[in-house]
Amino acid sequence: MRSLRTGLSLAALLTGAVLLVTAPAAHAADTPLRDLAAAKGKVVGTAVTGSKLTGSYGDIAGAQFGSLTPGNAMKWGTVEPTQGSFDWTEADQIVAFAQAHDQQVRGHTLVWHNQNPSWLTNGTWTSAQLSSLLQNHISTEVGRYKGEIAAWDVVNEPFNEDGTYRPTLWYNGLGANYIAQALTWAHAADPAAKLYINDYNVEGVNAKSTALYNLVKSLKTAGVPIDGVGLQAHLILGQVPAGLQQNIQRFADLGVDVAITELDVRMALPADSAELAQQKADFKSVVAACAAVTRCVNITVWGFTDSDSWVPGTFPGYGAATPYDENYAPKPAYYGIAEALGGTRSTAGCAATYGVTSQWNTGFTGQVTIACTGTALSSWNTSWTYGAGQQITQAWNAICTQSGAAVTCTNASYNGTVPDGGSVTFGFNASWSGSNPLPAVTLG
Ligand code: XIL
């Protein structure tokens, strides 16, 4: 090792260049997030847009995630834009895709103050009318997908930041009891679906999450069907609440499930590598907090790619909030999720590294090292192309042939085995003139 280093640095000194080229290792595919999660008894999901579920978007959504949440497709304004006329196109599409890919569907959402149809929000209704509109809506939508939805976000965002009730159409018209009624109607329409209340800024222990906690506790006491709490987790870079796991645990201790329902971590654009590393840490700590609590059952990201995120449109100047970039390449955040679920980034593979160990005016000595990690070889075959007329004259510890510019070197009878964690090196002499550029080595 010592003499190899000396030889390399001498060659580098002679030529003024670092003479090493490493062929890309053949990486085994990383284990999909949905499989990592399943091994821990969890489900990892994503919000999706129905029209995008083809090509790379569909491939990733189907391969990586064990549950889908329609980002908009099941909201009241989408499904009943005109009173009495329904459009289930996108919702049906997402449910069908999920079934074809053995995925759960999280229904989102039945009772909310946003994205309602204008006929509803602009109407003038008595309490009785409002109540029957809501009951009909819940019965119709939950009934349509009966047996097909694992969990419903029945009520979305019912609280103000200080823990008082948000003064919505529903609260103003029906009082706080609208929550218990909605849950009861949803349960009647699909007794098997898990029923959730979902909100944001309830990830840590604070006035809002404590109000939610007290509500869930009183609903349980009253025998109202409530199965879970959704923590949306629309987070800002570097601001994962310290009390997240403790908060998840206190809800679990009430006897309900917990889900991280809309995870994203936004940052000011453009994102740099330090921010993406922080984002990885943030995703990892959120997923780890859920993984640590038995009753935390699902972690859903609110869009898996930066090309399908609500953040840039809602928080001007912010973005890069999801685990994949706009070209569907996994970001560090993806590996943060994987690591928190017990995954290791697969570096299994073998690589061939070409180096020139010494060089003189007409010739040089070179070597190739084949190293393996997480896997092994019983024979090997390397090849490269000389771009400047170099010609091999002699080789040792390999059988080398050269035809024109094309060089092939295979193992000798005694060194075909490259063990996991080990390496084999062979050497050669060659002639050169003019220049001696480093070739890229292919390991076959
Ligand atoms: C967002 C969608 O992602 C956007 O496409 C839409 O324009 C607005 O709503 N909390 C929720 C989600 O519960 O329904 C919201 O989804 C994001 C905030």
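Start at 1 and go down the list; that is how both ligands and their atoms are numbered.
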Checklist entry - Are any of the side-chain nitrogens in D306 or K331 under 4.0 Å away from the carboxylate oxygens of its partner? => result yes
Checklist entry - When you measure from atom 3 (O) of ligand 1 to every protein heavy atom, which one gives the shortest distance, and what is it? => result W302 NE1, 2.9 Å
Item to check | Residue portion contacting ligand 1 (non-hydrogen atoms closer than 4.0 Å) for N114 | outcome: neither
Next on the checklist: Is there a polar contact between ligand 1 and E157, counting only N or O atoms under 3.5 Å apart?
Outcome noted: yes
Next on the checklist: Starting from atom 6 (C) of ligand 1, what is the nearest protein heavy atom, named by residue and atom, and what distance separates them?
Outcome noted: N72 OD1, 3.4 Å
Checklist entry - What is the nearest protein non-hydrogen atom to atom 1 (C) of ligand 1, stated with its residue, atom name and distance? => result K75 NZ, 3.6 Å
Checklist entry - Any cation-pi pair here, K284 with Y335, using under 6.0 Å and within 45°? => result no
Next on the checklist: Under the ring-ring contact (aromatic ring centres under 6.0 Å, His included) test against H108, which residue among W302, W152, Y196 passes?
Outcome noted: W302
Checklist entry - Within 45° of the six-membered ring axis of Y171 and under 6.0 Å from that ring's centre, is NZ or CZ of R166 located there? => result no
Checklist outcome for this item: For W112, the atoms of ligand 1 under 4.0 Å from one of its heavy atoms are 14 (O)
Item to check | Protein contact of atom 13 (O) of ligand 1 - nearest heavy atom, named by residue and atom, plus distance | outcome: E262 OE2, 2.7 Å
Checklist entry - Can we say D257 and K194 salt-bridge, meaning some charged N sits less than 4.0 Å from an Asp/Glu carboxylate O? => result no
Next on the checklist: List ligand 1 atoms under 4.0 Å from H234, heavy atoms only on the residue side.
Outcome noted: 10 (N), 17 (C), 18 (C)
Next on the checklist: For atom 8 (C) of ligand 1, what is the closest protein heavy atom, and at what distance to 0.1 Å?
Outcome noted: Q115 OE1, 3.4 Å
Item to check | Location of contacts on N156 toward ligand 1, heavy atoms closer than 4.0 Å | outcome: side chain
Checklist entry - When you measure from the side chain of S139 to the backbone N and O of Q135, does any donor-acceptor pair fall under 3.5 Å? => result yes
Checklist entry - Judged by atom type as modelled, is there a donor-acceptor pair below 3.5 Å linking the side chain of D199 to the main-chain atoms of L212? => result no
Item to check | Y200 near ligand 1 by a heavy-atom separation under 4.0 Å | outcome: no
Next on the checklist: Between R34 and V44 (side chain of the first, backbone of the second, donor and acceptor by atom type, cut-off under 3.5 Å), is there such a pair?
Outcome noted: no
